Amino acid sequence: MEEVGDAEPGKETHAGAGENVAHVVLVGDDAQLASVSAGGVLRDIAAETDALTLTELVRFVSPAEGAATLAIRRGDPMGLGYYIDHGRVHVGSEQTAADMAYRAWAADLDAGRDSVLLAPTNDIVDALNARARHDRLVAADPAALHGREIVLADLLHASPGDIIRTRKNARHLRLSRTDFVRNGYRFQIIETLDDGAINAKHLSTGRMVHLPARYVKDNVTLGYACTIDGAQGLTAGHACHVVGAGSLFRQLLYVALTRGRVENHIYLSTAESDPHRVLAPKATHPETAVDVLSKALARDGA
């Protein structure tokens with residue numbers, strides 16, 4: 001119950017006739033990734049107050065996968081069994097893990113399925129984005145390619161037809177009366193202008209927006225793949241394909257394995273393929289996929 005007026009401490013008052021009462025509700029998941037600048041607020045609220053917790057999952061097609069994600073959320077290794085039993089964990093070398101994830105994601109797109117591609121670092125994301133753009137251009141009808149190339153904030157090139165991601169909230173760039181360009185929104189480039197500005201279509205709503213050249217240069221990247229941190233607000237209608245890493249911790253793993261409604265796959269490097277590193281620990285004592293994922297669950301990034 002909200003307190004109104006100058007009530008004595010500890011006493012509740014009710015709004016009288018003609019008075020307005022506002023409810024402020026914070027919604028979030030305290031087991032996901034916190035803000036890099038001022039994180040932990042939801043975690044503190046959940047720990048210190050009688051916060052309500054949702055127990056019924058509606059995102060996943062399979063109730064069993066929903067139950068597995070709750071185990072991952074708690075850091076319970078039993079949740080890994082679902083992903084292993086259903087062929088969602090894929091193992092390769094450092095050179096092949098990202099390739100496996102990319103090929104599976106590309107196959108989904110070719111089949112018309114809504115899927116996302118995630119990676120743990122910006123370097124891997126940039127490589128995947130550059131590959132996706134190259135493959136798009138190679139497969140396209142040359143007569144359909146038009147417009148000038150521009151350089152984005154990630155120093156990668158883009159042209160009409162490419163998928164881009166905005167990386168900073170910009171309330172002055174309106175999509176509608178109630179929405180604006182936000183960090184993490186994805187667009188398709190419709191037109192590139194001579195000054196480096198972009199006219200683009202928001203993928204979720206189909207609404208058009210003009211992105212000024214300065215905003216593009218500082219805050220727009222290719223958007224085929226993204227980091228796990230950047231995907232926290234995404235939901236894919238079909239699948240999520242994640243390039244894994246030994247540096248993952250519980251919150252990253254939880255976010256990564258909960259983006260797809262139908263399937264969530266992770267591709268891990270557990271073997272050493274470099275012939276010059278035959279004595280490296282990964283070559284002499286390679287870990288299993290269960291080892292890698294169990295260690296990630298045990299690391300609490302909070």
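Note that the structure is a prediction, hence the values are computed from the model and not measured. This chain uses plain numbering: 1 for the first residue, then up along the sequence.
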Where at least one partner belongs to residues 95-120, residue pairs that pass ring pair (Phe, Tyr, Trp, His ring centres under 6.0 Å), sequence neighbours excluded: Tyr102-Trp105

Asp108 vs His241, side chain to side chain donor-acceptor pair (under 3.5 Å): CA-CA, chis, key distance, verdict: CA-CA 10 Å; Asp108 277 349; His241 299 280; 2.7 Å; yes

Check: Asn169 main-chain N/O paired with Asn183 side-chain donor or acceptor under 3.5 Å: no

Salt bridge flag under 4.0 Å for residues Arg133 and Glu149: yes

Main-chain N/O of Ala225 paired to Asn129 side chain as donor or acceptor, under 3.5 Å: yes

Contact list for residues 117-138, test ring pair (Phe, Tyr, Trp, His ring centres under 6.0 Å), sequence neighbours left out: none

CA sep, side-chain torsions, deciding dist, call: Leu128, Leu117, side-chain contact (heavy atoms from CB on, under 4.5 Å): CA-CA 9 Å; Leu128 292 171; Leu117 178 61; 4.0 Å; yes

Let me have the donor-acceptor pairs involving side chains of residues 119-127, under 3.5 Å, with sequence neighbours excluded, atom names and distances please.
| unit_1 | atom_1 | unit_2 | atom_2 | d |
| --- | --- | --- | --- | --- |
| Thr121 | OG1 | Ile124 | N | 3.3 |

Crowding at CG, Asp194 (>12 non-hydrogen neighbours, <6.0 Å): no

Main-chain N/O of Arg59 paired with Arg261 side-chain donor or acceptor, under 3.5 Å: yes

Polar contact flag, side-chain donor to acceptor under 3.5 angstrom, Asp162-Gln188: no

Ignoring hydrogens and angles, write down the donor-acceptor pairs under 3.5 Å from the side chains of residues 209-220, residues two or more places apart or on other chains.
| unit_1 | atom_1 | unit_2 | atom_2 | d |
| --- | --- | --- | --- | --- |
| His210 | ND1 | Asn199 | OD1 | 2.8 |
| Tyr215 | OH | Lys168 | O | 2.5 |

In one Ile/Leu/Val/Met/Phe/Trp/Tyr side-chain cluster, 4.5 Å: Val151, Leu156: no

Asp291 side-chain N/O to Thr288 backbone N/O, donor-acceptor pair under 3.5 Å: yes

Residues that, via side-chain heavy atoms closer than 4.5 angstrom, fall in one hydrophobic cluster with Val262: Val61

Transitive ILVMFWY side-chain link Met100 to Val292, under 4.5 Å: no

Polar side-chain atom of Asp114 near backbone of Gly237 as donor-acceptor pair, under 3.5 Å: yes

Residues Ser159, Arg136; criterion side-chain contact (heavy atoms from CB on, under 4.5 Å); working and verdict: CA-CA 11 Å; Ser159 55; Arg136 180 187 76 82; 3.6 Å; yes

Donor + acceptor pair across side chains of Asp179, His202 (<3.5 Å): no

Test item: Arg148 side-chain N/O and Leu193 main-chain N/O as donor-acceptor pair under 3.5 Å: yes

Of all pairs that satisfy ring pair (Phe, Tyr, Trp, His ring centres under 6.0 Å), the ones with a partner from residues 145-179, not counting sequence neighbours: none

With Arg167 via side chain to side chain donor-acceptor pair (under 3.5 Å) - residues at least two apart: none

Thr96 (side chain) donor-acceptor with Asp99 (main chain) under 3.5 angstrom: no

Worked check of side chain to side chain donor-acceptor pair (under 3.5 Å) between Arg186 and Ser204: CA-CA 8 Å; Arg186 294 200 308 154; Ser204 296; over 6 Å; no

Tyr224: ring pair (Phe, Tyr, Trp, His ring centres under 6.0 Å) partners, not counting sequence neighbours: none

Side chain to side chain donor-acceptor pair (under 3.5 Å) against Arg299, all qualifying residues, sequence neighbours excluded: none

Remaining members of the apolar cluster that contains Leu137, side-chain heavy atoms under 4.5 Å: Leu145

Contacts of type ring pair (Phe, Tyr, Trp, His ring centres under 6.0 Å), residue His90, not counting sequence neighbours: His265, Tyr267

Over-ring placement of Arg182 relative to Phe180, 6.0 Å and 45° cut-offs: yes

Neighbour count >12 (heavy atoms, 6.0 Å) for atom CE, Met78: no

Cys240 side chain near Leu257 side chain, heavy-atom distance below 4.5 Å: no

Tyr82: partners by ring pair (Phe, Tyr, Trp, His ring centres under 6.0 Å), with sequence neighbours left out: His86

Val243 with Phe249, same ILVMFWY side-chain cluster at under 4.5 Å: no

